[in-house]
Colleague: 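Mind looking over this structure? Questions follow.
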Amino acid sequence: MPQNDTLFTPRLTGQNYTTPDLRAKLTGTARFAEDLRAEGMLICKLLTSPLPHARVSHLDTKAALAMPGVRAILTADELPPPADSVTDRGEVIKASPWAERALTMEPLFQGEPILAVAAVDEATATAAIAAIKISFEPLPFVVDPLDSLRPGSPNARTDGNVWMPAANPAEQAKVGELKWSKADFEAAGEKQLPLGKGGSAWAYGDLDGEMSRAALVLDETFVTPNVSHQALETRSALAWWENGKLHIAVGTQSTIQTVPAIAKWLNMAPDDIVLISEYTGGGFGGKGIASVAAIIPALLAKKTKAPVMLRVSRDNEQAIGRARPSLIGRMRAGFSKEGRLLALDMFVVMDNGPYDEQHDATTSGRMASLLYQPRAMRWRGLAVLTNTPTRGFQTAPGGLQACALLGPLLAKAARKLNLDPLAVCRINAPEGQAPLGPPQTDGSLNKATSAFVKEALDQGAQAFGWQKRQLRPALKRPLRRGLGVATGCFVAGTIGFDGLFVITPDGKLRIHSGVGNLGTQSFSDVQRVVADAMGMPWESCEILWGNTGKHLAWSCVSGGSQTIHAMSRAGFAASLDARTKIMEIAAKSLGGAPEDFAIGNQRVFRKTNNGEGLSFAEVARKAIALGGAYDGHECPNDVNKMTKKSVAALAGQGLVAVARDTFRHDGQTFSFVAAFAEVEVDTETGMYRIVDFHTQADAGVVVHPRAFAGQMGGRSMFGIGHATRQKWFYDHEHGLPLSRRFYQTRPPSILCFPEKFTWGSVGLPDPQTPIGARGIGEPPATAACAAVLCALSDALGDDKFIRAPVLADTVLAAIEPGTWRPATGLAANV
Amino acid sequence: MAIIHDGMSPFELFRPASVDDALNLAKRLGSDAWLLAGGLDSLERFKDGVIHPKTVIDLGAINELRGIRRDGGDLVIGPMTTLSEVQHNPDIRAHFALLAEAAAEVASPQIRNQGTLGGNICQDTRCWYYRSGWDCYRAGGSTCYAGEKKEGQNREHAIFGIEGCAAVSPSDTAPALVALEARLVIQDAKGKREVAADDFFIGPATNITRLNVLRPGELLTEIRLPATWANATFYFEKVRDRPVWDFPLVNIAAAMQLSGDRISKARFVLGAVAARPWRLPKVEAAVAGALRSAIAETAARLAADGAAPLAHNGYKVILAGNLVKRAILGTKEA
């Protein structure tokens, strides 16, 4: 934003530093929710469903309640009805009758909580659960979306098996029943997704015309895996009531945004909730706003009049800790002889789990439209309910699947057209304010704020040595080399949130941040912008975070890579408010007009006489004396009501700077990554190594290089995990999960890193945001997953696998087809 | 009654300082007692609620169960010796590198620092049905969900010796000990007995509820490596889905005595293909007296002789052959 350039000189922004939480994390003094203790604290354990779908037919808790040390049992009938939601614009969203509740008498997946016991210790709670007499009426179940679409197949819910799109924008989607015909399945065969009816759809361009002009048309089906979030910190929560207010400590990605969510689940006023979440041990989207289970200890604490800790075990976490939905995609894609994607006809079936409609399917179409820029596109998506754990956002939800579905398809097109895969990525890469679907009501497309993907590809190819690597001779048997390149993208910023800080009478700057501390460092990184905008040394800045009792600003959800973009804007907005107030105070105190003054070296001074001025400490004291907007007794109308409440609480403590981000923003903000991978596949064992990996970001200005590098590495591993190892296994006859432990679900560890890993950043600022920064959390996962799949295809050949992850048995099946029956088919969980 | 997973029942913990004390405790407590080595297998099963011991005898304070020493011609390894110690011990690396290599492939560095050799070879199967508390044969029930059910998920299960149970031994070091003709000393309150590693591990036909011959009240006190295979030509390779921190899909431990390129005698043992380490006597017979390069392909074809793969684990048949060939040729690639 050029008009602000003179107000922002990056001194701290772009530099490495020690974040305020680092020492506590390294020394083990950081306290996560489950580390907390309270006098008289009870421990809560969950009784969960052993069946994929059932109704509790008999429940007798008398023996459990009679056990010494057992204080209370909470059942589903004691839950308050969930409240409707009201958006910032005042729109009412009715509470969904299909939404997940904290407890249920009709569990829809194995592991779903039925009741909770509070007792004096964990052993007593565990013994009490074992003493509960409970019987179930088994109900029909289905754990695979395509199975549920077959004629006469069971439904995951008694009232249906799919999410039916809303008939018009004023309505909400509903659960209904949809079955495809036998002919649909027969027409598709075993290796293609049937093109049955139903679902949502959008389109733009002349699909048939572009397809007819294509030099190459591919028709590919691919299956992406269901993957649990598996954050190291489970979602344990401690709750207690004090003076009518609920205090709740829980791991969440988003501190202040979790308050209204809990208020909605408990049907109570947000003002009566104090949320504590100083440290969160991983979220990846699964703890965006904590989860509904957090209300269990709150209700038990009220019932027992004692603090209650819900201790969520690893087994519980696997069930209720959220997961990415599998997408089964069929893509018909037409390419010009130069490799340009002319037409894309994309149909995805999503393994939705049993509850709220997930948006991965929808987002996959949006991301495909942006990332590959098809001239014409049709997207169709169908969310199918299954009796498997509740899904949720997971790093680049829908974006990762889009790249897994389409990245290898582009590479295959390159091979078929005898083109360099890098060239095909490049010719299809978005540029500038690139358009993307779905079409708006007037038929026009949305657009990105900026995209420098070609630059990322060029720089990444140079750093990786793409061209040279292609010229090397083949490896000796039994090794095969594979090279892969892919682009990736995801949402990387939102707008409209609040910044809030106080210049205190000791001249310090105290920032009240509602951003969650989920390990990405963004809660602190965005405040470097504030320090720069105010010309403050970092040592004079204090960040208050992780406790809404500390009067925090309304902040974005720390998910979807929004924070660095959204909150650097908000912080900058508050900084401008502070500068205005400081100069006004100077004018009032020293005479003249505000514009006669400048700010620097923690003071305000007259431009014509540097010696005449006020220190920030003096400014703060004068702000208190002036009152009104200067010290927070008045608050701007356009900030969120939660910010207003915080400002009211801070009034009189110094100069209160508060503002909503209203900076110009033309387009939707995305970040991009180009990833390059080299694999060596041992064709005799099926094992393979990622011997080299490079990832090049287009994410605007880098605010904190070390944190940025952490995201590039960690999130690349996230995508690599999807490509190489992570998946669910289900016993389909019984509808029960078999892979529940880390050693069975196989998330990548630090020791799984590619043997050589490098990263870089284009670093060009996004012109639609003052600091020029976009988020980087999500995109590396998308490109990494696709690049590794492309490299494996390069090594093994086309059409050798139709699902991710590619495990050792898949590789062996590719080398020696027909020698055994591998886990084929399009089932989501095999 | 409700079933609760991930709720460890309280137990009484004993931490004896001598083998005698441990054995006396084990005798007194009988089948209520659980002998704990590194705890990596046991504690997970406690947490899973699959077993509920009333008492646990932690062997971690018994110094005489730790360490590596020479006794005559034998190298004697205390079963509480950690896998890291086995991996790095100079004597083992110099003369029985097969075992060092196998230990080095177990799980992750952190686990090898805590896990013991005795625990690694005595660990229970990782069959996902059994570990999740399904009422299978091994757990006292009436079916094998992996092997007998039409839709059983069995990609990680047995291809040999499936007699009522398709579970496999997940140990990396057990095949190495069988290949090295280790002898295992077992002690109870009445005295000692010595068992060949070949006989220590058992399949479902012998006892469907256990993977070894240890009975309640018995303690593994020594692992003895005779000089028979010292300084032989060794080969260990482990195929797995994840490069670290994973159990084997298949592993192989091979010991060969060579005269030039000619094999005079050899032992080949596959892991994770049966409930016990699976020797390949036909391969051993075929290679005896043969040139390595000449016999590799033939031996590879014999590797899976008698295999009965399940619906999803036929790839193990291919792996068995490929690993035997690589063991003979000594060519590990990935």
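Every chain is numbered from 1 and lettered A, B, ... according to where its sequence line falls, protein lines coming before strand lines.
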Colleague: Answer yes or no: is there a side-chain heavy-atom contact under 4.5 Å between A/Thr685 and B/Asn322?
Modeller: no
Colleague: Given a strict heavy-atom distance threshold of 4.5 Å, which part of A/Arg725 is in contact with chain B: side chain, backbone, both, or neither?
Modeller: side chain
Colleague: Answer whether the closest heavy-atom distance between the side chains of B/Glu44 and A/Arg741 falls below 4.5 Å.
Modeller: yes
Colleague: Tell me, do A/Gln744 and B/Arg126 make a side-chain contact under 4.5 Å, heavy atoms counted?
Modeller: no
Colleague: Measure distances from A/Phe742 to the heavy atoms of chain B and classify the residue's part below 4.5 Å as side chain, backbone, both or neither.
Modeller: both
Colleague: Show your reasoning for whether side chain to side chain contact (heavy atoms under 4.5 Å, CB included) applies to A/Leu738 and B/Tyr129.
Modeller: CA-CA 7 Å; A/Leu738 298 170; B/Tyr129 289 101; 3.6 Å; yes
Colleague: Looking only at heavy atoms and a cut-off of under 4.5 Å, which of B/Lys325, B/Arg155, B/Glu151, B/Lys149 has the most pairs with chain A?
Modeller: B/Arg155
Colleague: Mind checking whether A/Arg740 and B/Ser132 have side chains closer than 4.5 Å, heavy atoms only?
Modeller: yes
Colleague: Answer whether the closest heavy-atom distance between the side chains of B/Arg326 and A/Pro478 falls below 4.5 Å.
Modeller: yes
Colleague: Can any side-chain N or O of B/Arg242 pair as donor or acceptor with the backbone N or O of A/Pro747 at less than 3.5 Å?
Modeller: yes
Colleague: Taking B/Val244, B/Leu323, B/Asp241 one by one, which has the highest count of heavy-atom pairs under 4.5 Å against chain A?
Modeller: B/Asp241
Colleague: Tell me, do A/His734 and B/Trp134 make a side-chain contact under 4.5 Å, heavy atoms counted?
Modeller: yes
Colleague: Is the distance between the ring centroids of A/Phe729 and B/Trp128 under 6.0 Å?
Modeller: yes
Colleague: Roughly how far apart are B/Glu237 CD and A/Asp682 CG, rounded to 0.5 Å?
Modeller: 6.5 Å
Colleague: Any idea which of A/Cys752, A/Ser749, A/Pro805, A/Ala123 has the most non-hydrogen atom pairs under 4.5 angstrom with chain B?
Modeller: A/Cys752
Colleague: Heavy atoms, side chains only, cut-off 4.5 Å: are A/Ser313 and B/Lys47 in contact?
Modeller: no
Colleague: A side-chain contact here means heavy atoms from C-beta on lying under 4.5 Å apart; do B/Tyr315 and A/Ile815 qualify?
Modeller: no
